[in-house]
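Since the structure comes first, as structure tokens, the remarks are kept for the end.
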There are 2 protein chains.
Amino acid sequence: MTPGHPSARRARRQKAGDGAAPADDAPSKSSRTRERILDAAAHVLSRKGYAGTRLGDIADQAQLQAPAIYYYFGSRDELIEEVMWTGAQRVREHVTKVLDELPDDTTPVDRICAAVEAHLHLELELSDFATALIRNSGQMPEHLRTRQLAEEAAYGKLWRNLFQDLHEDGRLRPDLDARTAQLLVIGALNWAAEWWNPRRDTYETVLRTAQSLVRHGLSSRSQLADEAGDTARGTTRRTS
Amino acid sequence: MTPGHPSARRARRQKAGDGAAPADDAPSKSSRTRERILDAAAHVLSRKGYAGTRLGDIADQAQLQAPAIYYYFGSRDELIEEVMWTGAQRVREHVTKVLDELPDDTTPVDRICAAVEAHLHLELELSDFATALIRNSGQMPEHLRTRQLAEEAAYGKLWRNLFQDLHEDGRLRPDLDARTAQLLVIGALNWAAEWWNPRRDTYETVLRTAQSLVRHGLSSRSQLADEAGDTARGTTRRTS
DNA sequence: GTCTATATGAGGATAGAC
DNA sequence: GTCTATCCTCATATAGAC
């Protein structure tokens, strides 16, 4: 509410600055405070949920007092909305970038495996944002979800294209429904943020298992033999 | 709080009665009100989260006034705890039952496919309980999670045994980590409650795709050819 | 068994000092 | 930029009528 709120306006200006400048000067002023608040909010949101997220808890985590938050964000809802959007946005940007950098002759299966790696990597990296998103998507008031839904639509389309390519290549096993398979795969990956414990399984193990499951689960003809030793680590490399 | 609370005691007695009697007499008195409240609580909890669940909303959904809830449950927390536990409990019971009824000579892969079917079926059936569980597991105060954690441990062990059998049969592809694969599979299934829309995909489509993905994703040697036409529907039948 | 009325407390948001 | 003090709203839980 109160759209003309002075602190909100100021905050928005700062944010635009951060986002636009690629690597101009240093992360700039002590306006890294904004980042601290955002990270803190993701942390609390993932653990307490939308309704349970107290400005006081966020402030504790960010090492300042609650009213200071209003200097950077117009309201509690505005802050939470940005957490949800940021998580979705960063994952999509990262996966997009990785796919763009793949050689043109990369096969559809390998592209999917690369996407699996990119998704998993960033999701586990940004686990507070990821779990905040996962747990609260269905619990947010609709009007706070517009940006997030746009992100997710775009991200869904990206995956849909990957599966489409696989299908057109005749490599998608015919008893699979493409859309359903895609949602099941993404679900398996998303869920990983809920259970992954770095002290129990290495990231490599999770990645290798996920990629193998996807590769063999999806594709009909096995171009699998010659990849056998390769699936262990990143698929971003050779494709010849 | 207030453990000796009269209404709580009364409520517990009624519940025990409901649970014990298999099909004795009718669902008994208007104490089906308790079920209505429980269902309503699952509905609200899944959409608003632990902290956002208001007794008033539950009351609206159950078609009574908020204070009436205290006749059946000792407190808000007690009610919520029971929702979380009920979801986990019913799924485990159902899957256990289905597995127990399988012929003794059922192969490990087929047993896993049967478990996939049972899990998916009950999860989509009880979607309010399922999504309540999924979204709020990480957001509940620890002291409300004891029963639920016990359920989940038992359920995890059940799946672990399924994968163990597959492994000992030499059918688990060697590049897979059993525990990780299991968590990824369950994750894919759990997530389905988040996106499944009966008006878009039939239950059959989801089930068939999930089973196929799991079967081909997990197993090394293909005993797949002779099952091809069978994976479409339940796997509970033939195994000869 | 279910209601109306109310005591009590927690948390978002603002004003204004520094 | 960040703090202290304060207002106001709203939800749990209880008391007690019907």
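Keep in mind that this is a model prediction, so the values were computed, not measured.
If you take CZ of A:R76 and P of D:dT9, they are 18 Å apart, rounded to a whole angstrom. When rounded to the nearest whole Å, the span between OH of A:Y72 and P of C:dG12 equals 19 Å. As a whole-Å value, the separation of B:R36 CZ from C:dT2 C1' is 11 Å. Rounded to an integer number of Å, the gap from B:Q63 CD to C:dG1 P is 18 Å. With rounding to whole Å, A:F73 atom CZ is found 15 Å from C:dG12 atom P. We find that CD of B:Q65 is positioned 13 Å from C1' of C:dG1, with the value rounded to whole Å. The nearest whole Å value for the distance from the CD1 atom in A:I80 to the C1' atom in C:dG12 is 11 Å. Distance B:I69 CD1 to D:dT14 P: 13 Å, rounded to the nearest Å.
Proximity of B:Y70 to the phosphate of C:dT2: no side-chain N or O atom is located under 4.0 Å from OP1 or OP2. Between A:Y71 and D:dT2, a side-chain N or O to OP1/OP2 separation shorter than 4.0 Å is absent.
Between B:R32 and B:E35 there is no salt bridge, since none of the side-chain N atoms of the basic residue sits less than 4.0 Å from a carboxylate O of the acidic one. Classification of B:K48 and B:D57 as a salt-bridged pair holds, one side-chain N sitting under 4.0 Å from a carboxylate O.
The minimum heavy-atom distance linking B:L184 with A:A188 is given by the pair O-CB, 3.3 Å.
In this structure, B:R34 forms no cation-pi arrangement with B:Y71, as its terminal cationic atom is not both closer than 6.0 Å to the ring centre and no more than 45° off the ring axis. A:F129 carries A:R90 over the face of its six-membered ring, with the cationic atom under 6.0 Å from the centre and within 45° of the normal.
Axis angle across the helix from C:dG1-D:dC18 to C:dC18-D:dG1, with five pairs used at each end and values rounded to 10°: 10°.
Proximity of a side-chain donor or acceptor of A:T96 to a complementary backbone N or O of A:R92 within less than 3.5 Å is detected.
Residue A:R54 is the one, among A:R54 and A:P67, whose nearest nucleotide of DNA chain C lies closer to the 5' end (criterion: closest heavy atom).
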(message) Using the rule given for side-chain contact (heavy atoms from CB on, under 4.5 Å), can you reason through B:Q139 versus A:R135, listing the C-alpha separation, both sets of side-chain angles and the distance that settles it, and then say yes or no?
(response) CA-CA 9 Å; B:Q139 301 181 351; A:R135 295 172 177 168; 3.5 Å; yes

